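Basis for what follows: all heavy atoms, side chains included, without hydrogens, waters or symmetry-related copies. In this chain, numbering begins with 1 at the start of the sequence shown. All values reported here derive from a predicted model rather than from experimental measurement.
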Amino acid sequence: MSYEHQSLPDPPAEDLDIEFKAGIGCYLGLILAGVTTIAGIIAGSSTVVLLVTAPSTVKGALLLALVFGDRLHGLPEQIGRSRTRRLACYVPAVAFAAVLLSPPVTHLEYTARLGVVTVAFALLTAAAAAGIARMARNRYVDAITGDEPSATWTWRRTGFGSGERIVPAITALWVVVGLLSGLAWDWFFGLKIAFYGCAPLLFYWFDWAGTWDDHASTGWNLPTIRAHETGLVLERWYAKKHVPWEAIADVRLTSDELVLERRWVDIRCDRSMIDDPEAVRDGIERARGRSDRFTPAADRPTISEPSD
């Protein structure tokens with residue numbers, strides 16, 4: 001079940017900002033340029049004509065979006081509201097990639113020029129779609145969380161998803177890959193790869209350079225979490241994610257962690273990175289109390305008392 005936009009208020013329709021106008025203009029321009037370029041290759045147009053037409057198409061779409069983009073007010077919030085709509089942004093990129101599979105079916109003549117152009121536009125359109133989807137979700141989150149947060153704290157992940165677990169696992173895998181490469185191909189090459197994995201593992205095992213997360217002890221570039229009326233906002237420097245209260249089953253404050261339980265993956269926060277854990281817990285409680293108009297009281301889970 002998706003909790004992403006259930007029981008949430010409709011976001012206000014706002015005019016497009018200059019960043020989103022430019023993004024949507026480039027996105028639409030790449031789609032039009034890709035269609036016209038691929039059609040031109042199939043029709044036998046010269047490379048010179050295609051090199052002139054494609055950039056002009058992108059520039060034209062960009063200018064149109066900058067001039068008339070305000071007519072699409074509210075578009076980012078509507079796209080960002082649904083994961084399905086954000087994934088739909090990738091459909092043109094998938095369609096371009098599908099052209100590579102079409103020659104055996106449509107009896108088109110496959111050429112190196114067609115393959116290069118198709119791959120290029122598929123990658124460029126996918127990159128533009130990723131930017132549009134991310135900007136749309138960020139603007140949707142901003143639109144439904146206009147109230148002042150009841151609590152804000154630094155999120156240093158604990159548990160399996162933390163760097164303290166992932167980095168040793170990756171380096172150990174690096175050692176295994178090196179040893180397997182030595183057995184399969186060349187011992188010198190394999191041992192060299194394994195060495196690059198052994199070195200950080202030794203530093204970790206003997207604590208020669210502290211823990212893996214020492215660089216994060218000052219809170220540098222760490223994400224934050226805010227408790228709003230409609231739910232939690234997980235904010236990184238590049239993206240925001242909204243988690244409505246109905247997706248939070250329980251909130252526990254232990255001696256080491258602040259745990260926000262979810263159906264699949266819990267949000268675990270290092271308590272040592274939170275200035276006042278009790279105040280944060282109280283702020284979460286107040287925010288959940290204000291969420292009654294979005295989530296029925298009978299369905300809203302309660303917050304457990306902190307354990308000793």
Side-chain angles (χ1 to χ4, degrees), residues 3-4 137-138 141-142 144-172 200-201 203-292 294-295 297 299-308:
Y3 296 99
E4 191 162 355
R137 186 170 74 170
N138 290 347
V141 172
D142 289 338
I144 62 172
T145 56
D147 59 308
E148 287 294 325
S150 299
T152 302
W153 67 96
T154 300
W155 179 25
R156 182 183 180 186
R157 191 192 302 268
T158 59
F160 180 77
S162 65
E164 193 172 357
R165 300 292 187 271
I166 292 179
V167 176
I170 293 176
T171 53
L201 279 178
F203 272 79
Y204 173 75
W205 186 267
F206 294 103
D207 198 21
W208 289 340
T211 64
W212 295 106
D213 289 342
D214 278 349
H215 69 281
S217 61
T218 60
W220 176 80
N221 210 25
L222 287 176
T224 60
I225 301 180
R226 305 195 308 267
H228 287 271
E229 187 175 32
T230 59
L232 297 171
V233 174
L234 282 59
E235 183 173 4
R236 297 175 174 85
W237 66 271
Y238 59 90
K240 300 175 184 178
K241 181 179 181 181
H242 181 263
V243 181
W245 291 121
E246 60 197 73
I248 303 297
D250 190 23
V251 177
R252 294 183 289 107
L253 187 61
T254 68
S255 58
D256 300 320
E257 298 175 321
L258 171 64
V259 182
L260 299 109
E261 293 185 358
R262 294 190 294 180
R263 182 179 181 182
W264 299 111
V265 181
D266 297 338
I267 302 174
R268 295 182 174 272
C269 311
D270 188 348
R271 180 169 176 159
S272 65
M273 295 298 297
I274 304 175
D275 293 334
D276 192 341
E278 286 76 14
V280 167
R281 183 205 61 194
D282 293 341
I284 296 174
E285 195 170 45
R286 290 195 302 272
R288 296 181 90 188
R290 295 200 312 270
S291 67
D292 285 339
F294 305 121
T295 305
D299 298 334
R300 183 162 37 87
T302 59
I303 296 181
S304 61
E305 292 295 327
S307 58
D308 294 334

Task: Short side-chain donor-acceptor distance under 3.5 Å, H242 and T230 - done: yes

TODO: Indicate the atoms forming the closest heavy-atom contact of T152 with R226, along with that distance.
DONE: OG1-CG, 3.8 Å

TODO: Give a yes or no answer on whether the side chain of W155 reaches the backbone of R268 with a donor-acceptor pair at less than 3.5 Å.
DONE: yes

Task: Exam field: side chain R263 to backbone A247, donor-acceptor pair closer than 3.5 Å - done: no

Open item on the list: Just verifying a value: how many Å separate C269 SG and E257 CD, rounded to the nearest 0.5 Å?
Closed with: 8.5 Å

Open item on the list: So which atom in G283 and which in A151 form the shortest heavy-atom distance, rounded to 0.1 Å?
Closed with: CA-CB, 4.0 Å

TODO: Taking all non-hydrogen atoms of both residues into account, name the closest pair between N138 and Y238 and its distance.
DONE: ND2-O, 3.6 Å

Task: E278 with R271: basic N within carboxylate O range, under 4.0 Å - done: yes

TODO: To the nearest 0.5 angstrom, please state how far the CZ atom of R288 sits from the OG atom of S150.
DONE: 12.5 Å

Task: Distance in Å, I248 CD1 paired with I267 CD1, rounded so as to fall on 0.5 Å steps - done: 4.5 Å

Task: For W153, the option from T224, D276, L258 that meets side-chain contact (heavy atoms from CB on, under 4.5 Å) - done: L258

TODO: Heavy atoms only: give me the nearest D270-S272 pair and the separation to one decimal.
DONE: OD1-OG, 2.8 Å

Open item on the list: Quick one, T145 and K240 - any side-chain contact, counting heavy atoms below 4.5 Å?
Closed with: no

Open item on the list: Can you confirm whether H228 sits close enough to P149 that some side-chain heavy atom of one is under 4.5 Å from a side-chain heavy atom of the other?
Closed with: yes

Task: Heavy-atom pair with the smallest gap, counting every atom of R252 and T254 - done: NH1-CG2, 3.7 Å

